[in-house]
Amino acid sequence: MPSAPPFRAPSGTHDVLPPESARWQALVGRFAALAGQAGYGLVVNPVFEDLGVFQRVGEGTDVVRKEMYAFEDRGGRPLALRPEGTASVVRAYVQHRPTTPWKVWYAAPSFRYERPQAGRYRQHHQLGVEVLGSVDADVDVEVVVLAAELFGALGVRRVTLALNSMGDDACRPGYVALLGAFLDERTDQLCAEHRQRAGEQPLRVLDCKRTECREATAGAPRMLDHLCTACDAHFRRVRDGLDALGIGYQLESRLVRGFDYYTRTTFEFAATALEGAQNAIGGGGRYDGLVEELGGPPTPGIGFGIGIERLLLACDAEGALRLPEATVDVWVVDAVGGAAARDLSWSLRRAGVAADRAFDERSLRAQMKLADRSGARLAVIVGADEQASGTVSLRQLRGNDGAQELVARDRVVARVRELLA
RNA sequence: GUGGCCGUAGCUCAGUCAGGUUAGAGCGCCGCGUUGUGGUCGCGGAUGUCGGGGGUUCGAAUCCCCUCGGUCACCCCA
């Protein structure tokens with residue numbers, strides 16, 4: 001007698017069950033194929049890391065300052081569930097020092113303690129790639145195009161790409177000083193939060209969506225106008241590459257993104273078919289200082305993350321990724337106790353035929369209903385007569401007027417294969 | 001973390017505003033019509049502590065408070 005269940009998935013988490021889980025499989029499978037085809041290997045990282053790994057990477061960011069699942073294990077070690085994928089991959093790079101360029105992809109959960117809503121979860125899942133060890137602008141292009149290709153392969157068309165460059169150590173400090181001076185003169189025009197924090201995070205103010213900040217920064221200096229020669233050339237090559245490959249984008253000088261580690265190229269994909277505010281389906285950028293930050297040798301890097309849940313919502317909104325219902329080829333109906341179903345189903349499966357059966361000695365009628373609903377094309381039926389004569393009845397369930405034939409038990413697999421061919 | 005809305009069978013929902021006999025529908029599920037045959041059709045059946053807890057009342061799905069969950073916006077981002 002069911003009553004209110006004592007437990008449910010924690011707030012902001014969710015179960016993925018069949019048939020929805022098949023879409024996950026398909027999505028990850030497509031991505032794995034695309035990444036593999038481009039020379040990326042799978043990386044699997046721990047779901048928690050030393051707390052310091054993430055603190056080092058984003059001490060000025062909301063994600064790290066107020067959204068982390070941080071805890072101590074029984075040995076008193078400070079740990080945290082990963083809030084994003086890049087830090088773990090970079091930590092693994094520093095630890096193992098693979099030869100470069102190191103091109104990897106992952107599909108893994110991330111954890112952020114936020115107020116849940118549609119498309120925003122406390123445990124969500126990301127597909128991502130990282131490339132470590134190359135400053136080549138063509139890597140930036142490869143990474144961005146890879147994400148775009150995934151959307152295309154899935155049939156998600158209504159996607160916009162925002163592109164920006166954050167500069168590097170040579171030009172960013174000067175720009176930030178310029179921006180800081182600009183903001184200092186109009187602190188009182190900013191929103192409440194940034195009136196306090198504009199000094200420490202001037203770039204954040206550009207990203208603020210509040211109208212006060214928007215208006216106050218309308219005439220602010222743009223990073224893109226202050227790139228040094230090297231960053232400007234790099235950015236130009238990135239844009240040329242995207243143009244050559246037919247990937248459209250919009251320059252977005254306000255695109256700052258949520259992590260401190262970005263340098264040069266940053267980008268964000270939004271699904272415009274999504275109604276809600278949570279329409280960013282992927283984003284990333286270059287992080288040429290991050291490996292050193294985590295104790296490795298100077299090594300440039302770039303990567304992106306794509307939110308699986310949001311991407312699936314975008315698929316829904318566009319009617320993409322509609323999968324046919326999963327079916328087996330054959331359903332084994334056994335009215336004589338179950339042993340025949342047990343043996344025949346495995347004979348078929350061992351021969352590569354997808355087969356299923358009922359349990360619990362259901363009535364013949366009930367088993368036939370299940371056979372029908374399963375979508376199987378054939379029913380293998382064993383009743384008392386077949387049992388006695390060492391045969392089975394093979395019935396066609398899809399069309400052919402339910403044509404039925406009697407087949408010797410040792411010829412079942414061969415005949416089934418013929419009929420399915 | 002802040003604010004608005006919502007929470008009735010497995011699913012989608014009616015009933016809540018004006019508290020009152022055993023809480024309903026459709027779909028799905030199970031069984032039977034056919035003790036050896038599915039799809040259609042017909043008949044029958046099961047399942048709800050009306051999210052949870054407390055309160056008001058003779059009486060609460062319905063009113064009040066708290067809480068949990070969802071959702072929308074802010075914020076942030078995938």
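Quick note on labels: first sequence line is chain A, next is B, and so on, each numbered from 1. Values below: all heavy atoms of this structure, side chains included; hydrogens, waters and symmetry mates excluded. Just so you know, these numbers come straight off a predicted model, no measurement behind them.
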Check: protein-nucleotides 67-72 of chain B nitrogen or oxygen pairs below 3.5 Å:
from, atom 1, to, atom 2, distance (Å)
B:G69, O2', A:R8, NH2, 2.8
B:G70, OP1, A:G12, N, 2.8
B:G70, OP2, A:S11, OG, 2.9
B:C72, OP2, A:A118, N, 2.5

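- Of the residues near RNA chain B, A:E386 and A:G284, the one whose nearest nucleotide (by heavy atom distance) lies more toward the 5' end is A:E386.
- Below 30°, between 30° and 60°, or above 60°: for A:F71 and A:F48 the angle between ring planes is above 60°, a perpendicular geometry.
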Look for any protein N or O under 3.5 Å of an N or O in nucleotides 26-29 of chain B and output each such pair with its distance, or none.
from, atom 1, to, atom 2, distance (Å)
B:C29, OP1, A:R373, NH1, 2.5

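- Because its NZ or CZ atom is both nearer than 6.0 Å to the ring centre of A:Y113 and within 45° of the ring axis, A:R122 counts as a cation-pi partner of that residue.
- Residues that satisfy the side-chain contact (heavy atoms from CB on, under 4.5 Å) test with A:T217, not counting sequence neighbours, are A:L183, A:V205, A:L206, A:A220, A:R254.
- With sequence neighbours left out, the side-chain contact (heavy atoms from CB on, under 4.5 Å) criterion links A:A366 to A:R362, A:S363.
- One C1' atom belongs to B:U2, the other to B:A18, and the distance between them is 35 Å to the nearest Å.
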Nucleotide N/O of nucleotides 39-43 of chain B paired with protein N/O under 3.5 Å:
from, atom 1, to, atom 2, distance (Å)
B:G39, O4', A:D372, OD2, 3.1

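- Each of A:M368 and A:R112 was matched to the nucleotide of RNA chain B holding its nearest heavy atom; the match closer to the 5' end belongs to A:M368.
- Rounded to the nearest Å, the gap between the C1' atom of B:C11 and that of B:G48 is 14 Å.
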- Message: Under the criterion side chain to side chain contact (heavy atoms under 4.5 Å, CB included), I'd like the reasoning laid out for A:L127 against A:Y106: C-alpha separation, chi angles, the key distance, then a yes or no.
- Response: CA-CA 6 Å; A:L127 302 169; A:Y106 60 83; over 6 Å; no
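- Of the residues in residues 307-340 of chain A, those with a non-hydrogen atom less than 4.0 angstrom from any atom of RNA chain B are A:G307, A:R310.
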May I have the list of side-chain donor-acceptor pairs in residues 339-355 of chain A shorter than 3.5 Å, sequence neighbours left out?
from, atom 1, to, atom 2, distance (Å)
A:S345, OG, A:A341, O, 2.7
A:S345, OG, A:R342, O, 3.1
A:S347, OG, A:D343, O, 3.0
A:R349, NE, A:A355, O, 3.0
A:R349, NH2, A:A355, O, 3.1

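- The interatomic distance linking A:L127 (CG) with B:C77 (P) rounds to 20 Å, in whole Å.
- Rounded to whole angstrom, the span from the CG atom of A:D385 across to the C1' atom of B:U37 amounts to 12 Å.
- Spacing of P atoms, B:G51 relative to B:U12, comes out at 14 Å, to the nearest Å.
- On the C1' atoms, B:C32 is 16 Å away from B:U37, given to the nearest whole Å.
- For A:E142, the side-chain contact (heavy atoms from CB on, under 4.5 Å) criterion is met by A:Y40, A:K103, not counting sequence neighbours.
- Between the CG atom in A:L394 and the CG atom in A:L406 there is a gap of 9.0 Å [rounded to 0.5 Å].
- Separation of the P atoms belonging to B:U16 and B:U21 is 13 Å when rounded to the nearest angstrom.
- For the P atoms, the distance linking B:C74 with B:A61 amounts to 38 Å, nearest Å.
- Residue A:E84 is out of contact with every strand shown, counting any heavy-atom pair closer than 4.0 Å.
- Under the 3.5 Å distance criterion, the side-chain polar atoms of A:R377 are matched with a main-chain donor or acceptor of A:L420.
- If you take atom C1' in B:A25 and the same atom in B:A14, they sit 7 Å apart, rounded to whole Å.
- For A:D62, whose side chain is taken as the heavy atoms from C-beta onward, the closest listed nucleotide among B:C75, B:A78, B:U37 is B:C75.
- Atom CG in A:L274 sits roughly 11 Å away from atom C1' in B:A78 (whole-Å rounding).
- With rounding to whole Å, A:K66 atom NZ is found 15 Å from B:C74 atom P.
- Sorted by first and then second residue, the side chain to side chain donor-acceptor pair (under 3.5 Å) pairs with a member in residues 383-396 of chain A read A:E386-A:S393, A:S389-A:T391, A:R395-A:Q404, A:Q396-A:N400; sequence neighbours excluded.
- Residues passing the side-chain hydrogen bond (donor to acceptor under 3.5 Å, both in side chains) test with A:Y287 are A:E130, sequence neighbours excluded.
- Distance, A:E268 CD to B:C76 P: 12 Å, rounded to whole Å.
- Looking at heavy-atom distances under 4.0 Å, A:A379 makes no contact with the nucleic acid at all.
- Rounding to whole angstrom units, CG of residue A:L255 and P of B:A78 are separated by 10 Å.
- Here A:H124 lies parallel enough and close enough to stack on the base of B:A78, with planes under 30° and ring centres under 5.5 Å apart.
- A donor-acceptor pair under 3.5 Å is formed between the side chain of A:R310 and the backbone N or O of A:A280.
- Applying the side chain to side chain donor-acceptor pair (under 3.5 Å) test to every pair with at least one member in residues 146-168 of chain A, sequence neighbours left out, gives no pairs at all.
- Taking CD of A:E84 as the start and OH of A:Y261 as the end, the distance is 3.5 Å to the nearest 0.5 Å.
- No engagement by A:S110 is indicated, since no non-hydrogen atom pair under 4.0 Å with the nucleic acid exists.
- Going from atom CD of A:Q396 over to atom C1' of B:G38 covers 14 Å, rounded to whole Å.
- Rounding to whole angstrom units, CG of residue A:L370 and P of B:U37 are separated by 16 Å.
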Pairs of donor and acceptor atoms involving the side chains of residues 6-13 of chain A, under 3.5 Å and at least two apart or interchain, shall be tabulated with distances.
from, atom 1, to, atom 2, distance (Å)
A:T13, OG1, A:P10, O, 2.6

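- The ring of A:F151 has its center closer than 6.0 angstrom to the ring center of A:F269.
- Within the 4.0 angstrom heavy-atom criterion, only backbone atoms of the sugar-phosphate kind lie near A:I281; the bases stay farther away.
- Candidate nucleotides B:A78, B:U37, B:C76 were compared by shortest atom distance to the side chain of A:Q404, and B:U37 ranks first.
- No donor-acceptor contact under 3.5 Å links the side chain of A:Q367 to the base of B:G38.
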